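In this text the structure is predicted, and so the values were computed from the model without any measurement. Order of listing sets the numbers, starting from 1, for every ligand and every atom in it.
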Amino acid sequence: MKPSILMCPPEYFGVRYSINPWMEGQIGRVDSALALRQWIDFYRALKQQADIHLIDPQPHVPDLVFTANAGLILDGHFISSRFKHEERRREEPLFNQWFETRSARSTRLPKNLFFEGAGDALQQPGRNLLWAGYGFRTDRETHQFLAEQLGLEVVSLHLIHPRFYHLDTCLCPLPDDQIMYYPAAFDAASLKLIETRIQPENRIVVSEEDAVHFACNAVLMNRVLFLNHASPKLIQLLEHKGYTPAIQPVSEFLKAGGANKCLTLPLS
Ligand code: ARG
């Protein structure tokens, strides 16, 4: 069966406010025609591997394209997000409504807690393990809630680098107990937690140059890894591990602090 993902066409995408370091100085600077072209190219490439569902674009919510932040959905159970920034809170009813009619079970987050969905919660393929980020957008207190709701071991990782404010900007779980990650985004205790669970030969360490081009923000579909950028060295490393890197540039979305993975939400 093909995997299912949720995307949102970038009709109203743009940088209209600044809530992360990437957005600073970028207000009004997105080339909308180029953004649309990049999004469509990415959509078409993914469509060969996945069933893509779309949420209707809406005005006044320019970050709605980053569907990874809608919530977390595992085995048909949707856990809604609560955004840290007021600017994105307007997206919550839109995402919640979409999921209410389409998911087997839908759970709201306890009041007064922040959680930014699959941007900060990534399952290790084939394992009962959820990596969960905190420090910028998601409250650590939500992790226990996720563990109880989903029956998974949740490993809390402290993000310390403002440019890597969501876990999916600096860590990408891969099959066969592998991960690709940017160590400088985590504190020492979190690196230990990663290292005790993932063997050294299974860790693909990304350089700063690759990390700032959002290489970790990758989407894996049947051994094809879609990513905005990868250096020759990273490409070689990924190929050596049996992946086919597919460069899918999304420079216009980087201006808002997101890339390929942020533009998708796995539904299955
Ligand atoms: N401008 C958006 C924000 O700051 C970008 C979200 C990127 N999403 C992600 N999953 N990393 O919230």
**Request:** If you have a sec, work out which protein heavy atom is nearest atom 9 (C) of ligand 1 and how many Å separate them, to one decimal?
**Result:**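 Protein heavy atom with the smallest distance to atom 9 (C) of ligand 1: C262 SG, 2.8 Å.
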**Request:** Could you find the nearest protein heavy atom to atom 10 (N) of ligand 1 and give me its residue, atom name and distance?
**Result:** D168 OD2, 2.8 Å
Is any N or O atom of [X], backbone or side chain, closer than 3.5 Å to an N or O atom of ligand 1?
{"X": "E116", "result": "no"}
{"X": "G258", "result": "no"}
{"X": "R88", "result": "yes"}
{"X": "N69", "result": "yes"}

**Message:** Does R102 qualify as a cation-pi partner of W98, given the criterion of NZ or CZ under 6.0 Å from the six-membered ring centre and within 45 degrees of its axis?
**Reply:**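 The answer is yes; both the distance and angle limits are met.
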Under 4.0 Å to a heavy atom of [X] - the qualifying atoms of ligand 1, by number:
{"X": "G119", "value": "10 (N)"}
{"X": "A256", "value": "1 (N), 2 (C), 5 (C)"}
{"X": "N20", "value": "1 (N), 3 (C), 4 (O)"}
{"X": "I19", "value": "3 (C), 4 (O), 12 (O)"}
{"X": "D63", "value": "1 (N), 2 (C), 3 (C)"}
{"X": "M23", "value": "1 (N)"}
{"X": "R137", "value": "3 (C), 4 (O), 12 (O)"}

**Asked** Below 4.0 Å from any atom of ligand 1, is there a heavy atom belonging to Y165?
**Response**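 True for this residue.
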**Item:** salt bridge (Lys or Arg N to Asp or Glu O under 4.0 Å) partners of residues 235-257, not counting sequence neighbours, each pair once
**Value:**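 Counting only pairs at least two positions apart or across chains, the salt bridge (Lys or Arg N to Asp or Glu O under 4.0 Å) contacts touching residues 235-257 are E252-K255.
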**Prompt:** Do NZ/NE/NH1/NH2 and the carboxylate oxygens of R88 and E91 come within less than 4.0 Å?
**Reply:** yes
**Message:** Please determine whether a side-chain nitrogen of the Lys or Arg among R29 and E24 lies less than 4.0 Å from a carboxylate oxygen of the Asp or Glu.
**Reply:**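 E24 and R29: not salt-bridged.
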**Request:** Anything under 30° is parallel, anything over 60° is perpendicular, the rest tilted; go ahead and classify H161 against F164.
**Result:** perpendicular
**Prompt:** Where does H85 meet ligand 1, judged by heavy-atom distances below 4.0 Å: at the side chain, the backbone, both, or neither?
**Reply:**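 Neither; no heavy atom under 4.0 Å.
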**Asked** Under a 4.0 Å heavy-atom limit, does K261 contact ligand 1 with its side chain, its backbone, both, or neither?
**Response**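 The answer is neither; K261 stays 4.0 Å or more away.
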**Request:** Quickly, which of Y165, F66, F253, F214 forms a ring-ring contact (aromatic ring centres under 6.0 Å, His included) with W22? Name it, please.
**Result:**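 Only match with W22 under ring-ring contact (aromatic ring centres under 6.0 Å, His included): F214.
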**Request:** Without swapping roles, check the side chain of T67 against the backbone of L6 for a donor-acceptor pair under 3.5 Å.
**Result:**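 A pair under 3.5 Å: yes.
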**Result of checking Q124, R127, Q199 against D177 for side-chain hydrogen bond (donor to acceptor under 3.5 Å, both in side chains)** =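 Exactly one candidate clears the test, R127.
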**Prompt:** Rounded to the nearest 0.5 Å, how far apart are CZ of R82 and OG1 of T138?
**Reply:** 11.5 Å
**Message:** H158 vs S190, test: side chain to side chain donor-acceptor pair (under 3.5 Å). Steps then yes/no.
**Reply:** CA-CA 6 Å; H158 190 188; S190 302; 5.5 Å; no
